[in-house]
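This report refers to the structure that appears directly beneath it.
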Amino acid sequence: AQKVTQAQTEISVVEKEDVTLDCVYETRDTTYYLFWYKQPPSGELVFLIRRNSFDEQNEISGRYSWNFQKSTSSFNFTITASQVVDSAVYFCALRVDNYGQNFVFGPGTRLSVLP
Amino acid sequence: DTEVTQTPKHLVMGMTNKKSLKCEQHMGHRAMYWYKQKAKKPPELMFVYSYEKLSINESVPSRFSPECPNSSLLNLHLHALQPEDSALYLCASSQELAQTYEQYFGPGTRLTVT
């Protein structure tokens, strides 16, 4: 079975602080894809990144960076110099098969960035 | 244009009403999804359409009835709902059903059943 754990339920930081959101996944499949989505208060889930299991390169996109480590089954997300607009719920997700099932979301981490 | 639109944004309905939620995408995606999201929970998959055919039904009660009239549109027909069905209903689409493709979500319809 597949599982995604986001141990941090809620995080509060002050603007301009760096913050890391943890994601740990479980799967026995060797081919899988990991995703991060952002859900602001408006409700829409915004796609941030997709990473496949064969690509362990870290990724940086502006103030966002992702650290994928297969050895620890983790796919952590760091926001550098956080801003109030980063306040949202962030979901890590795992997908392992080709048929739509098993798109497993983690429980989410609510990030509040205070001015 | 990576936009998925949903109407209405808010819906209040009684338990005896019949209503429909609508979703539209113009990205040429061939897979479309309905999710249900309760407060402070992740989205839960309800239905998946691939090439306009129902591919997955996650044991959803029959009071929810999906429909895919064409490759750009997805409807969710609601009938005889219960108060516990109140939630945010999200539509999503992806290029294909395969695991490699990310899903793009609409803003959702916030449904309240009274």
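Please read these numbers as outputs of a predicted model, since none were measured by experiment. Chain A is the first sequence line, chain B the second, and so forth, proteins listed ahead of strands; every chain is numbered from 1.
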Measuring from atom [atom1] of [X] to atom [atom2] of [Y], what distance do you get when rounded to the nearest 0.5 angstrom?
X     : Y      : atom1 : atom2 : result
B:Q37 : A:F105 : CD    : CZ    : 8.0 Å
B:L88 : A:E44  : CG    : CD    : 10.5 Å
A:R50 : B:Q103 : CZ    : CD    : 12.0 Å

Take a 6.0 Å sphere around [atom1] of [X] and say whether it holds more than 12 heavy atoms from other residues, nucleotides or ligands.
X      : atom1 : answer
B:K41  : NZ    : no
B:R110 : CZ    : no
A:Q57  : CD    : no
A:K38  : NZ    : yes

Practice problem: Quick one: list whatever passes ring pair (Phe, Tyr, Trp, His ring centres under 6.0 Å) with B:Y89, sequence neighbours left out. | Solution: B:F64
Verify the cluster assignment for [X] and [Y]: are they in a single hydrophobic cluster under the rule of side-chain heavy atoms below 4.5 Å apart?
X      : Y     : result
B:L111 : B:M15 : yes
B:F47  : B:L74 : yes
B:V4   : A:F47 : yes
A:V24  : A:F75 : no
A:F35  : B:M27 : yes

Practice problem: Could you note down all residue pairs passing side chain to side chain donor-acceptor pair (under 3.5 Å) where residues 69-80 of chain B supplies at least one of them, sequence neighbours left out? | Solution: B:S20-B:H77, B:E67-B:N75, B:E67-B:H77
Quiz item: Heavy-atom distance under 4.5 Å to chain A: side chain of B:E44, backbone, both or neither?
Solution: neither
Exercise. Could you tell me which residues in residues 60-70 of chain A have at least one non-hydrogen atom under 4.5 Å from a non-hydrogen atom of chain B, sorted by residue number?
Key: none
Quiz item: Among residues 106-115 of chain A, which ones touch chain B with a heavy-atom distance under 4.5 Å?
Solution: A:G106, A:P107, A:R110
Exercise. I would like to know whether A:Y33 and B:Y101 meet ring pair (Phe, Tyr, Trp, His ring centres under 6.0 Å); could you show each step before the answer?
Key: CA-CA 9 Å; A:Y33 288 77; B:Y101 298 106; 8.9 Å; no
Quiz prompt | Residue that, paired with A:Y37, satisfies ring-ring contact (aromatic ring centres under 6.0 Å, His included) out of B:F105, B:Y104, B:Y35 | solution = B:F105
